[in-house]
2 protein chains.
Amino acid sequence: MKTTGTVPRLTARGVATRARIVEAAADLVFERGVAETGLDAVLAASGTSKSQLYHYFADKDDLVLAVIERQTERVLAEQEPQLHELDSIAGLHRWRDALVGLQRHGGCVGGCPIGSLVAELAGSDRPRELLRAGFARWESFLVAGLTTMRDRDELRPDADPRDLATAVMTALQGGLLLTATTRSTRPLELGLDMAIAHVEAHRLSRSVQPRGRREGPVDAGPARPAGTSTASRSG
Amino acid sequence: MKTTGTVPRLTARGVATRARIVEAAADLVFERGVAETGLDAVLAASGTSKSQLYHYFADKDDLVLAVIERQTERVLAEQEPQLHELDSIAGLHRWRDALVGLQRHGGCVGGCPIGSLVAELAGSDRPRELLRAGFARWESFLVAGLTTMRDRDELRPDADPRDLATAVMTALQGGLLLTATTRSTRPLELGLDMAIAHVEAHRLSRSVQPRGRREGPVDAGPARPAGTSTASRSG
DNA sequence: CGTATACTGGACTGTCAAGTCCAGTAATCT
DNA sequence: AGATTACTGGACTTGACAGTCCAGTATACG
């Protein structure tokens with residue numbers, strides 16, 4: 001998974017400097033957007049200079065590519081604990097709560113670190129491909145969990161884990177976008193609750209339930225009013 | 001609903017020129033983003049000059065505000081026929097098909113004209129407020145339709161039209177975002193199908209059904225494989 | 001018809017950002 | 001140790017862009 005392509009031969013110090021640049025750039029891009037982030041600001045924030053930046057990256061576009069990959073890593077790392085337990089309704093709920101918590105903790109600012117780059121970068125092919133790959137990686141954890149559920153006969157055999165996962169991703173991304181717009185976690189909560197209810201709607205009526213796990217009604221409903229361990233402040 | 005505030009007194013020619021500028025700016029902003037759209041490009045596209053632009057707008061930010069409002073108008077106008085018939089599952093399906101059709105027709109480029117501005121503009125208060133208002137207006141048509149359905153006893157009394165509408169909006173926005181990323185209408189289709197199924201899940205079991213309307217199973221399921229009158233090309 | 005004001009044209013300025021260059025220092029390898 | 005190559009510093013060039021200015025034309029209105 002090399003980033004740039006033909007980097008001569010990186011020294012220990014070299015990789016450190018490069019990493020510092022990408023890290024600073026990722027921070028700035030997240031809070032200001034790509035176009036609004038000047039290279040000088042990246043240099044200042046990372047304590048490096050022009051020549052160093054251009055030693056490791058062909059140009060700004062090249063740096064942006066590295067930033068996309070870094071942001072993907074960050075997003076996945078943030079959810080690491082929950083991401084591997086998406087093989088049950090309860091696990092999905094924990095994931096939901098974690099995401100909502102992260103948004104609230106961050107003041108509902110910025111939305112999705114990957115999603116917020118789409119509008120600005122999806123016009124060009126290389127960045128779009130990287131964004132697509134980032135979403136695909138994210139989604140793959142959902143696919144894995146849902147597939148496990150189906151294999152355990154907790155989901156109907158005709159339920160397609162890939163389609164379900166994509167649907168969940170739309171609610172997630174839209175929820176994050178509207179959350180950033182309204183500065184309220186409410187849209188994210190409602191979106192993800194809908195998505196989880198959608199998964200539940202695909203459950204086998206009397207599934208085997210390996211461990212004792214109690215769930216809500218099959219048709220979802222507004223059972224979970226929108227906040228669980230969370231204090232939801234709507235806009 | 002005045003845009004700028006203290007515009008002296010607009011002549012017929014004045015409003016025409018102003019409109020031409022906003023129109024051109026809206027086009028360019030949609031396809032290139034705010035930051036990537038230079039005022040010179042707007043001038044060239046609208047056949048106007050610097051002094052005209054600064055005669056009608058205080059600065060670029062002010063123009064961007066007008067663009068947000070214009071884009072909101074455009075988005076709503078585009079869906080005009082379907083927007084007033086969101087008071088039935090069939091109407092929601094027609095709306096869904098129209099949105100998918102629009103995306104496919106446009107090559108799945110650009111995503112939502114409003115949503116794509118969020119990442120770039122939600123950092124400042126004035127633009128964010130306008131974006132929020134735009135989404136709210138959009139959502140209000142859903143709220144109206146869903147409320148009608150509930151009043152007709154087609155939805156359970158405890159179903160909250162506002163929450164349902166917000167959930168639908170998340171699927172819509174996320175669907176558009178992922179559609180722009182993958183250049184496939186598939187995510188939008190799956191997202192909106194999930195959202196409609198979510199509404200269906202809130203139906204009264206044996207509702208009065210004013211006109212003869214046949215629907216799918218209450219628990220949604222993958223009954224509608226993702227393409228109806230549409231040819232879905234997944235990525 | 002005349003004057004006040006809306007409107008227009010285009011050259012000009014200042015700033016800031018991307019990318020270049022070259023001279024110098026620190027590693028690495030034999 | 002010495003040569004080769006990775007790495008670093010900062011000044012410099014170039015261009016684009018937002019915003020200004022002023023002189024001139026069309027339009028409203030008495």
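Summarising the geometry, the separation between CZ on R13(A) and C1' on dC7(D) is reported as 6 Å, rounded to the nearest angstrom. Per the geometry, CG belonging to L43(A) stands 13 Å off P belonging to dA11(D), to the nearest Å. The nearest whole Å value for the distance from the CD1 atom in I21(B) to the C1' atom in dT8(C) is 11 Å. One interatomic measurement links the two molecules: OH of Y56(B) to C1' of dA6(C), which rounds to 8 Å at whole-angstrom precision. Between R18(B) atom CZ and dA6(C) atom P the separation is 16 Å, expressed in whole Å. In this structure, L53(B) atom CG and dC7(C) atom P are separated by 14 Å, rounded to whole Å. We find that CZ of F57(A) is positioned 18 Å from C1' of dT20(C), with the value rounded to whole Å.
Side-chain contact, W95(A) with Q79(A): a donor N or O sits under 3.5 Å from an acceptor N or O. A donor-acceptor contact closer than 3.5 angstrom is absent between the side chains of S46(B) and E23(B). Side-chain contact of R104(A) with T185(A): a donor-acceptor pair under 3.5 Å is present, judged by distance alone.
Taking 4.0 angstrom as the limit, T17(B) places a side-chain polar atom (N or O) nearer than this to OP1 or OP2 of dT8(C). Contact check, T11(A) against dC7(D): a side-chain N or O comes under 4.0 Å of OP1 or OP2.
For H55(B), the listed nucleotide lying nearest its side chain is dA6(C); candidates were dT8(D), dA6(C), dT27(D).
Looking only at distances, no side-chain donor or acceptor of E120(B) sits under 3.5 Å from a matching main-chain atom of S116(B).
Nearest approach of A41(B) to R32(B), heavy atoms of both residues: CB-NH2, 3.8 Å.
Every residue two or more places apart in sequence or in another chain was checked for a side chain to side chain donor-acceptor pair (under 3.5 Å) with T147(B), and none qualifies.
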Between N or O atoms, less than 3.5 Å apart, protein on one side and nucleotides 14-18 of chain C on the other: list the pairs.
| unit_1 | atom_1 | unit_2 | atom_2 | d |
| --- | --- | --- | --- | --- |
| dA18(C) | OP1 | K60(A) | NZ | 3.1 |
| dA18(C) | OP2 | L39(A) | N | 2.7 |
| dA18(C) | N7 | K50(A) | NZ | 3.4 |

